[in-house]
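Just below is one structure, and these are the notes that go with it.
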Amino acid sequence: MDLENLNEQQKQAVMKTEGPLLVLAGAGSGKTKVLTTRIVYLIQEKKVDPKSILAITFTNKAAREMKDRVINMLGEKAYEIQISTFHSFGLQIIKKYYEKLEYKRNFTILDSEDSLSLIRKILKELNIDPQIYNPKRIRNIISSNKNELIDAEGYSKFVHTEFDKKVLEVYKKYEKKLIESSSLDFDDLLMKPIILFQKYPEILQEYQEKYKYILIDEYQDTNGAQYLLTKMISAKYKNICVVGDESQSIYSFRGANFRNILNFEKDYKDAEVILLEKNYRSTQNILNVANDVIKNNTQKKDKNLWTDNEIGSKVIYHQAYNEKEEAHYVVNKIVELMDNGVDAKDIAILYRTNAQSRTIEDAILKANIPYKIVGSVYFYNRKEIKDLIAYLKVIHNEKDNINLLRIINVPKRGIGPKTIEALTNKASLYNKSIYEIIESGKELEFKKMIEEIKSKKDELTLTELVDLVLDKSGMKQELINEKSIESEIRLENLEEFKSITREFEEKYGIISLEDFLYEVSLVSDVEEYKNNDNALTLMTVHSAKGLEFDYVFIVGLEEGIFPHRNSSENFDEIEEERRLFYVAVTRAKKKLWLVNAKMRTIYGMTNRSVVSRFINEISDKYLEKELAEIQFNDYSNLIDETEDYAIGDNVEHDEYGPGIVVGVDDKVLTIAFSHQYGIKKMIKGHKSIKKG
DNA sequence: CGGCAATGTGTTTTT
DNA sequence: CACATTGCCG
């Protein structure tokens with residue numbers, strides 16, 4: 001087999017098939033190529049049975065990409081390789097051994113929003129004030145414990161404060177309710193297989209024997225459960241190859257532990273380590289910027305990206321006057337690029353928080369550039385879609401109280417909070433599901449409706465079933481009656497959903513409701529089904545991981561935004577923000593712009609911003625700085641240079657009303673406005689301020 | 001029970 | 001500012 005198009009390190013990583021191997025793959029160093037070539041090498045050269053290879057990724061997208069590439073290289077045989085995400089792998093195990101885990105065959109997978117409503121419900125039942133015990137926070141605590149394999153019982157050992165005590169109470173009830181409703185949350189998909197393996201060593205052995213060769217992508221993002229799961233399965237043959245880059249670990253807030261990668265050599269004594277430092281993606285200038293910043297992190301392996309690519313133009317650092325001008329600047333540059341023949345799809349605007357997309361979107365709309373915003377509103381998170389799926393889930397598993405409560409009064413059928421409370425109480429009194437104890441009233445009509453659909457479901461295709469649900473539930477009619485733009489969009493989304501079910505049917509032939517629900521539960525983004533048209537991409541840096549673009553704009557490089565204010569206190573969190581910045585920079589192939597604004601309005605408050613520390617960490621020799629005070633003419637007439645101020649002057653602001661000057665410096669006034677606006681800094685002589 | 005006004009809250013999010 | 005959630009009243 002031909003390995004000639006690989007570099008020396010890549011070749012080593014492919015050929016070292018036996019024993020533990022750690023591949024530290026810098027951004028753009030050909031990681032996926034190594035992984036896929038390695039799989040092919042195992043099969044073709046080492047005559048390994050495709051069935052004994054397990055390759056694990058984090059996203060469906062990555063799994064699919066790997067699969068496609070391997071299919072291209074291997075053909076038919078590739079279908080026998082187990083290439084899947086952590087969660088779908090976990091699900092497969094649970095599907096096989098659900099009985100040993102006390103689950104019914106028709107268990108439900110709850111998404112994070114479902115978990116949250118379950119927690120809200122539990123708080124209510126336990127009479128715990130959600131103001132003090134924030135449901136989201138509690139969910140996160142429970143989730144991170146599960147990711148570290150700490151169940152409620154285990155958590156009881158960590159209880160110190162009153163707060164912990166309440167969390168424990170909720171956690172216990174949460175566990176109980178999941179079992180009662182035969183439901184699993186996302187974390188269970190990883191945790192339950194481990195519990196299964198611990199309880200039944202013979203089952204673990206079966207998996208150890210089956211998967212003699214294991215590959216894990218993005219190892220820096222593994223959490224405790226994922227780490228242990230793969231460790232257990234690889235324990236016998238120890239042919240485990242992990243690929244990752246600790247400098248790209250950006251999900252620690254979700255339990256990812258990049259120390260898993262740093263500790264790999266300790267975990268596997270005879271591990272070999274291969275560094276992939278040659279970058280095939282970016283210009284030297286871009287890499288220099290990335291290296292300059294990331295070297296300020298203390299927790300990392302030494303690694304220095306280099307490239308044979310050209311030096312390229314310097315990275316532009318542009319400071320705009322405010323966020324509108326920031327957007328204006330970026331859009332102008334993009335128009336320029338496109339005038340010079342660049343395709344919109346080769347350009348991306350990256351930001352730290354979704355909220356930043358608005359201003360940019362406005363500017364893009366004015367310039368009439370085709371664009372797409374990735375990941376802000378997930379298709380499956382839209383209300384009407386979630387409602388429809390909730391119906392399907394209840395039809396599949398009537399014990400699923402969470403989804404039942406979601407739709408019992410959707411569309412409105414006169415079942416209000418009182419009735420719901422009564423039903424909930426009765427259900428817990430008799431230790432039955434809500435569905436079971438329904439015997440009268442409007443809710444009985446609801447139950448009969450579900451029963452009717454259930455009785456017909458076996459004769460229908462999935463798409464027909466969806467139609468029946470939309471019809472019988474009244475969801476469709478409600479939207480038709482509403483006749484608003486909003487309801488039109490919702491109806492369209494439901495149609496879109498049917499096109500997805502149709503696609504499933506084309507792909508798999510007859511697909512059961514069960515399989516469809518499992519699949520849908522593990523796929524959160526419909527973009528994955530959609531074609532990539534030629535559009536400019538707007539997205540958060542997090543969503544940009546793993547992608548690349550010729551031209552990249554990173555905006556909002558200000559203290560408080562990037563790095564984010566919630567992370568600026570804590571050392572570890574700042575390092576994570578820095579890794580995030582590193583990820584952002586290394587997305588760019590040809591040219592990179594770093595952009596920020598001097599003034600920014602957040603939550604309706606305008607404040608002067610401080611340049612992001614990451615900008616200051618970059619050596620001047622790689623940067624071309626454009627520190628525009630006022631970039632565009634239409635702003636210059638707002639400044640009146642003749643006005644002079646002193647401390648104590650009374651002023652009147654267009655928006656904030658009366659204020660008193662409390663500070664004057666060269667160009668900037670500090671003004672105290674009424675308390676709802678607070679103290680603000682403004683450019684001296686700005687037309688929005690008048691002496692009063 | 002359902003609709004509307006008041007109030008509060010505010011990162012990132014592979015599954 | 002923009003959105004979600006809560007609380008009150010018809």
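Nothing here was measured: the structure is a model prediction, and the numbers come from that model. In what follows, every chain begins at residue 1, and chains take the letters A, B, ... in the order their sequences are listed.
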Quiz item: Is any side-chain N or O of A:Ser112 closer than 4.0 Å to OP1 or OP2 of B:dT15?
Solution: no
Quiz prompt | Check: A:Phe58 ring centroid to A:His87 ring centroid under 6.0 Å | solution = no
Exercise. Indicate whether OP1 or OP2 belonging to B:dT11 is found under 4.0 Å from a side-chain N or O atom of A:Asn354.
Key: no
Quiz item: Between A:Arg413 and A:Asp221, which is nearer to the 5' end of DNA chain B once each is assigned its nearest nucleotide?
Solution: A:Arg413
Practice problem: Quickly work out the A:His542 NE2 to B:dT12 P distance and round it to whole Å. | Solution: 9 Å
Quiz prompt | Donor-acceptor pair (no angle test) under 3.5 Å: A:Arg254 side chain, B:dT15 base | solution = yes
Practice problem: Would you indicate which nucleotide in B:dT13, B:dC1, B:dT15 comes nearest to any side-chain atom of A:Tyr251? | Solution: B:dT13
Self-check item: Nearest-neighbour nucleotide for the A:Phe186 side chain, B:dT15, C:dT5, B:dT13 considered
Solution: B:dT15
Practice problem: Could you check whether A:Thr57 gets within reach of a base, just the sugar-phosphate, or nothing at all, counting any heavy atom under 4.0 Å? | Solution: nothing
Practice problem: For C:dC1, take OP1 and OP2 only and decide whether either is under 4.0 Å from a side-chain N or O of A:Arg358. | Solution: no
Quiz item: Under 4.0 Å between a side-chain N/O of A:Asn409 and OP1 or OP2 of B:dC1, yes or no?
Solution: no
Quiz item: Regarding A:Gln220 and A:Glu218, is there a side-chain donor-to-acceptor distance under 3.5 Å anywhere?
Solution: yes
Quiz item: With respect to the side chain of A:Asn60, which nucleotide from C:dT5, B:dT13, B:dT15 is positioned closest?
Solution: B:dT15
Quiz item: Which residue, A:Ser88 or A:Lys418, contacts DNA chain B at a nucleotide closer to its 5' end, judged by nearest heavy atom?
Solution: A:Lys418
Quiz item: With a non-hydrogen cut-off below 4.0 angstrom, is A:Arg579 in contact with a base, only sugar-phosphate, or nothing?
Solution: nothing
Practice problem: Let me know the distance between CG of A:Asn134 and P of B:dT11, rounded to the nearest Å. | Solution: 12 Å
Practice problem: Grab the NZ-P distance between A:Lys442 and B:dG2 for me, whole Å please. | Solution: 8 Å
Quiz item: Separation of A:His564 atom NE2 from B:dT13 atom P, in whole Å?
Solution: 11 Å
Practice problem: Apply side-chain contact (heavy atoms from CB on, under 4.5 Å) to A:Ala597 and list each qualifying residue two or more places apart in sequence or on a separate chain. | Solution: A:Glu326, A:Glu558, A:Arg600
Exercise. Take atom CD1 of A:Ile602 and atom P of C:dC1, then tell me their distance rounded to the nearest Å.
Key: 15 Å
Quiz item: Out of B:dC1, B:dG2, B:dT11, which has the shortest distance to the side chain of A:Lys412?
Solution: B:dG2
Exercise. Would you kindly give the CG-to-P distance between A:Asn223 and B:dT13, to the nearest whole Å?
Key: 18 Å
Quiz item: OP1, OP2 of B:dG10 versus side-chain N and O of A:Thr353: anything below 4.0 Å?
Solution: no
Self-check item: Whole angstrom value for the distance that separates C1' of C:dC1 from CE of A:Met599
Solution: 16 Å
Quiz prompt | C1'-based separation of C:dT6 from B:dT11 [nearest Å] | solution = 24 Å
Quiz item: Mind checking what makes side-chain contact (heavy atoms from CB on, under 4.5 Å) contact with A:Asp129, not counting sequence neighbours?
Solution: A:Gln131, A:Ile132
Practice problem: Grab the two heavy atoms, one from A:Lys95 and one from A:Tyr518, that are nearest each other, plus how far apart they are. | Solution: CE-CD1, 3.6 Å
Exercise. Answer yes or no as to whether B:dT12 has its base stacked against A:Phe253, where stacking requires a ring-centre separation under 5.5 angstrom and planes under 30 degrees apart.
Key: yes
Exercise. Using only side-chain N and O atoms of A:Ser521, determine if any of them is under 4.0 Å from OP1 or OP2 of B:dT15.
Key: no
Self-check item: A:Arg137, CZ: over 12 other non-hydrogen atoms inside 6.0 angstrom
Solution: no
Quiz prompt | For atom CZ of A:Arg565 and atom P of B:dG10, their distance in whole Å | solution = 13 Å
